[in-house]
Amino acid sequence: MTVKNFEIIEKPIEVDHIIRKVEDRNAGAINTFIGTVREMTKGKKTLYLKYDAYIPMAEKKLAQIGKEINDRYADAKVAITHRIGALEISDIAVVIAVSTPHRADSFDASRYAIERIKEIVPIWKKEHWEDGEEWIGDQLENNAYPLGVPKEEDVIDD
Amino acid sequence: MTVKNFEIIEKPIEVDHIIRKVEDRNAGAINTFIGTVREMTKGKKTLYLKYDAYIPMAEKKLAQIGKEINDRYADAKVAITHRIGALEISDIAVVIAVSTPHRADSFDASRYAIERIKEIVPIWKKEHWEDGEEWIGDQLENNAYPLGVPKEEDVIDD
Amino acid sequence: MIKILLFAELEEKTGKRELSVSMEMTVEEIRKKLLKDYPHVTGLASAMAAVNEEFADESVKVRQGDLIAFIPPVSGG
Amino acid sequence: MIKILLFAELEEKTGKRELSVSMEMTVEEIRKKLLKDYPHVTGLASAMAAVNEEFADESVKVRQGDLIAFIPPVSGG
């Protein structure tokens, strides 16, 4: 079976499975970032989320992030899986695992990965609240908006 | 069954089990730091490690680190388990899991925890190489050494 | 034929995930055509474009068989 | 009685994990006594001390029933 280190899936993500992909005899550290569905954001109660993706491009962009990490951090191994579809509160949306020989790099590379996901990976989240629903956009405020800026309520810092 | 969030154990650590301890409806992020046994350190090949601990004090100090994180990061949940005994290459020595509402805090708190472990938690590692063995000391270089400094080869930055 | 993909609020507001045009055009020209067809979908103006799964500038010429996607601000993670 | 715990290289070099003294003394006095009994265990001089599982200064008086531990530089993680 081929192991895919950069994947978009529709089923629940098994964290252990992602961690196993980055195990290495010369790793001294594995940092794992798990993004989960939070109930309250700025006083608003989320009921559930829907994620959609441009799957082939999203997997390519996740792999690109992995490559960027390999260029920056010696001997890093990276695996990223993002789930799409309907997610409930506390469900895992994304798991990033990075192993490196030394611990500082594992933290920095994992952080780098989640920030890059929010910049370049074509995945979208639609929040469903009690009183409505909305596609959430641009959580970084640093994309190009040639014709306008995102509304304040769109900018979520999670 | 009582859940112990700060534990020294002698059996393999199950990462999923530690992550489950910090799940929370208002967590948007869970950062996990996993410390593993690395084969090569500064060109020297480790065969295996032995960890020892002053168990009751070590568990108290882990809990203290959890409290320090709660004081610094709003709504954080923390769990730390450290394994002792004989560990092979790639075995997991420590798992730190921190959940927070927002991602930046989860990274910072998890990093804080591992640095503090290396400062205040009475756990010791003995490295076994092909040509000898040694208790490793002071990986941070900032403890008090009233009567001498650690030898250079003792200072490992993992 | 050139296939056009729309996502998230672009898909929702146009009611289409997939469209097509027959003529070769630049990214900019395709964007303008879509904005003319769907003037209420203002997000089309600010969406990034990708040609064959790579982000592309406005000046890129989209050829027969190519795939162009309009990518509103992403929110994965 | 006061119980003394030694760990890692301190345990290994003295050959003892546990010792005891009968008289109440300060941390400093217990440390000096150990260094006199085990002069080759130089790590005793620089180890941190904990009384009843909390780090303690040299001046702390160790009472009957207390537990003092000498803690060489730690290396967990």
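What you see is a predicted model; the values in this text were computed from it and never measured. Chain letters run A, B, ... following the sequence lines, proteins first and then strands; every chain starts at 1.
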Return yes when atom [atom1] of [X] has more than 12 non-hydrogen atoms of other residues, nucleotides or ligands closer than 6.0 Å, and no otherwise.
X	atom1	result
D71(B)	CG	yes
K33(D)	NZ	no
M23(D)	CE	no
E10(B)	CD	no
E14(B)	CD	no

Checklist entry - Are the charged groups of E12(D) and K126(B) less than 4.0 angstrom apart, N to O? => result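 Yes, charged N to carboxylate O under 4.0 Å.
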Hey, could you give me the [atom1]/[atom2] distance between [X] and [Y], rounded to the nearest 0.5 Å?
X	Y	atom1	atom2	result
I71(D)	I123(B)	CD1	CD1	11.0 Å
F7(D)	W135(B)	CZ	CH2	10.5 Å
I120(B)	M48(D)	CD1	CE	9.0 Å

Looking at [X] and [Y], would you say the former's side chain and the latter's main chain have a donor-acceptor pair under 3.5 Å?
X	Y	answer
S75(D)	K125(B)	yes
K60(B)	E53(D)	no
H82(B)	G76(D)	no

Checklist entry - Can you name the one residue among L6(D), V74(D), L5(D) that meets side chain to side chain contact (heavy atoms under 4.5 Å, CB included) with Y54(B)? => result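 Only one of L6(D), V74(D), L5(D) forms a side chain to side chain contact (heavy atoms under 4.5 Å, CB included) with Y54(B), namely L5(D).
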Next on the checklist: Looking at every heavy atom in both G77(D) and A93(B), which two are closest together, and how far apart are they?
Outcome noted: O-CB, 4.1 Å
Check whether [X] gets within reach of chain D through its side chain, its backbone, both or neither, counting any heavy atom under 4.5 Å.
X	value
I114(B)	side chain
K50(B)	neither
A53(B)	backbone

Next on the checklist: Could you check whether any side-chain heavy atom of M57(B) comes within less than 4.5 Å of a side-chain heavy atom of L67(D), counting everything from C-beta outward?
Outcome noted: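 No, too far: nothing below the 4.5 Å cut-off.
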Checklist entry - Can you check side chain to side chain contact (heavy atoms under 4.5 Å, CB included) on W124(B) and E11(D), steps first, answer last? => result CA-CA 12 Å; W124(B) 301 272; E11(D) 175 184 4; over 6 Å; no
